[in-house]
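Since the structure is predicted, the reported quantities are computational estimates derived from the model, not experimental observations. Computation of the quantities below employed the complete heavy-atom set of this structure, encompassing side-chain atoms and omitting hydrogens, waters and symmetry-equivalent molecules.
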Amino acid sequence: MRVEGLRKKAGGRQILRGISFEVPSGATLGIIGASGSGKTTLLRCLNGLERIDDGFIECGEVRLEAGLSEEEYRRRAKLLRRRVGLVFQHLHLFPHLTVMENIVEAPIHVLGMKREEAERAARELLEEVELQGLADRYPESLSGGEQQRVAIVRALIMRPNVLLFDEPTSALDPRRSASVRALLRRFVAQGHTMIIVSHAIRFLEDLADQLLYMESGEVIEYDRATELLQDPKDSRTRDFLRQAI
Amino acid sequence: MSGELSGRRALVLFLCIAFSVAGCAQEERVLRWGADPSGGAPYVFTDPAHPDRYIGYEKEMVEALAARMGRRAVMVATDWEGIVPALERGEFDIIVNGLEPTADRAARILFSKPYYVFQLQLTVRRDERVINSLEDCRNRLVGTLGNTAASRLLAQKGIRFRSYAEPGTAYRDLELGRVDAVLMDVPMEIYYARGNPRLRPAGPPFYRGVYVIGLRKGDEALKAEVDAAIEAIMRDGTLERILRKWDLWDDAQAELQAAVKRGEEPRYEMTAATFNWTDALARLARAALITVLLAFGAMFIALSLGLSLAVGQSKGPSWLQAVCTVYIEFFRGTPVLVQLLFLYFGLPQIGIALPGWLTALVGLGLNYAAYESQVYRAAFEAVPRGQWEAAYSLGMGPALAFRRIILPQAFRIALPPVTNDFVSLFKDTSVAYAISVWELATAYRELANATGEFLLLGAIVSAFYLAMSLPLAHIARRLERRQQRRQALQALVVEAAT
Ligand SMILES: Nc1ncnc2c1ncn2[C@@H]1O[C@H](COP(=O)(O)OP(=O)(O)OP(=O)(O)O)[C@@H](O)[C@H]1O
Ligand SMILES: [Mg+2]
């Protein structure tokens, strides 16, 4: 996935001011930044939920760029979403559907998968995230960590080329957050391409290959993870890291 | 009916009071007579040429009587169906309104000597092939006026009939095919149907009954005065002249007057209110069934049309949004009663004549659709935006996301208020009485009017309504509580996630 010069204005304010990066297939990019720096907005753009004002987003042969007609933008955004899965910060599970139905809804109605096939795939994934017993429960009866993993499976079953995570551990206690981290590590090992937004730097250590630090919608520093953590070039990155640790 | 007249009636009342005050000052005696002038031709009705004046053969007759009695006649407009209680309450002194001296009325009021012999006439559409007499009307629907000799005769013979408050409406519904025949006193038939090329009489007039003047129990002195006056205007030919003028003179009148002049008590036929409880309960049960049918049918229309309106109003192109808004504001801003009357009487003028029950069902459905659309709209707005976005991010299009994700959640949110609206709709079916649909309110009015059993029948009808609305209200409350619990839980979950 490649992003170049991405700008986004909302509510009369410039929220993203020219973001560029490139995540090679199989790599993981970690995005860090203070609250309100535009991380969520960036992920929403990458998922085609927001219209960008300038620059482009490229994923495989799909290219979403500023200046397209409304209709064409919507068409490409839809294609982009087939390649890019998003796990929302607030998850947005469907409260009227069981865990299983939450997961198989899109494969059946969007991809046209057969129900048995979709349910088999869902069961495999649920087992992988250790939720096999919960298929028939409703989201409201699950703990925060369980809901988090259901949301991950719901995105994963669409077999996206790139998986986006918005603050995957913000709702979790340290033990649960460690188990989500273990899960994401497994995804890294399986060769998934991921972009993970977090303000917990520890969480991204040995998970992300690259790190991107942003402030007020601007990329302050973008480097290999080890470089950025051990030897930050920008004083603002240094301040952020010092406060975070 | 009563509503449309109340203004005029208030004016008349005011004039009555004003005149009676003036009358007292001059020691002039008045004769206050009660009659229903709406659709009251040729008895007493609004003069088409001077809408501020009443005319009619009975008005002329009362004036002749009053002159004989040395009084001044003052008319009090009232409702036909409540005319006896109004007399008892003292709103006027005598009833002059084509009143038939039935046994049940005799128990409550006094009758004067008869002044007119009436017959009944059956009327059908010109192209009618089957109906030539009352006997042919079995298993057909006959229109008539409520609480008249005709309606009592039909009830006695077990012929299904629909009661109207005005003869004009009954004949119009006959033309439109909403009833198969109309049975009415000859004077009304002459005035409302005789000249209509689309209608024809079915067989000769039959049955002989009389009209009398009704007085309060205990008003014996006034009765003697009235009887003497009736005899006097028969003797001097005044009544004959009036009846001839209105084209109502016939051999039967000559016979009646000859007998009265000879001092005889002529015998005529008389109908009686037939009332048995099993029949009344069966008719009430049928009314309850129609009420249920109306409520469910109307709710089905309200829910499906309401959904389209809600979607059109919030998601449609701007012209559609405007159309939906106009629809909603129109139906919420005008009374459902007026809407029903419009559908029932207005639509036939452009060639759409629906039967009464269907008019009520569609009318209530159209009206409630406006309200349900707003319930839906609020419910759609109550579904968090994140649900749309989660659906989009999984690759769903707007239509799929709406159908599979938003609609089911909105529906749950809407369920308690919709159930509450259903309870209101249930009770609102009673407006169908305005277009003579045989539902519970109509059944109550008619059975109670025919029998005087207002209390007992009122209790039974209320029980019918309650038996249906209480369980629904109970369900609505339970749904509401469940919803509140779920919302509390979801709030907790969201809190935990942030
Ligand atoms: N639609 C919008 N209209 C106006 N302002 C917006 C809109 N969306 C986001 N913003 C603003 O843009 C800024 C960045 O928001 P964003 O949610 O992307 O931050 P974030 O980095 O994800 O913060 P957090 O770490 O708290 O989640 C915030 O100040 C927010 O108020
Ligand atoms: Mg955020």
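- No side-chain heavy atom of A:Phe94 sits under 4.5 Å from any side-chain heavy atom of B:Pro408.
- Counting heavy-atom pairs under 4.5 Å between each of A:Leu86, A:Leu93, A:Leu97 and chain B puts A:Leu93 at the top.
- Note that NE2 of A:His96 is 7.5 Å distant from CZ of B:Arg412, once rounded to the nearest 0.5 Å.
- Between A:Val110 and B:Leu400, the closest side-chain pair of non-hydrogen atoms falls below 4.5 Å.
- Within 6.0 Å of atom CZ in A:Arg159, 12 or fewer heavy atoms from other residues, nucleotides or ligands are found, so the atom counts as exposed in its surroundings.
- Atom CZ of B:Arg404 is separated from atom CD of A:Glu101 by 8.5 Å, given to the nearest 0.5 angstrom.
- Atom CD of A:Glu71 has 12 or fewer neighbouring heavy atoms from other residues, nucleotides or ligands inside a 6.0 Å radius.
- For A:Arg74, no part sits under 4.5 Å from any heavy atom of chain B, backbone or side chain.
- Summarising the geometry, atom CD1 belonging to B:Ile405 is positioned 7.5 Å from atom CG belonging to A:Asn102; distances are rounded to the nearest 0.5 Å.
- The environment of CZ in A:Phe21 is crowded: more than 12 heavy-atom neighbours from other residues, nucleotides or ligands sit within 6.0 Å.
- A 6.0 Å sphere centred on CZ of B:Arg332 holds more than 12 heavy atoms belonging to other residues, nucleotides or ligands.
- Within a 6.0 Å sphere centred on CZ of A:Arg176, other residues, nucleotides and ligands contribute 12 heavy atoms or fewer.
- Separation of atoms NE2 (A:His92) and CZ (B:Arg385) is listed at 8.5 Å; rounding is to 0.5 Å.
- With hydrogens and angles ignored, the 3.5 Å screen pairs no side-chain donor or acceptor of A:His109 with any backbone N or O of B:Ala401.
- Taking A:Arg154, A:Arg82, A:Glu167 one by one and counting their heavy-atom pairs under 4.5 Å with chain B, the maximum is reached by A:Arg154.
- To the nearest 0.5 Å, the span separating OG on B:Ser393 from CE on A:Met158 amounts to 9.0 Å.
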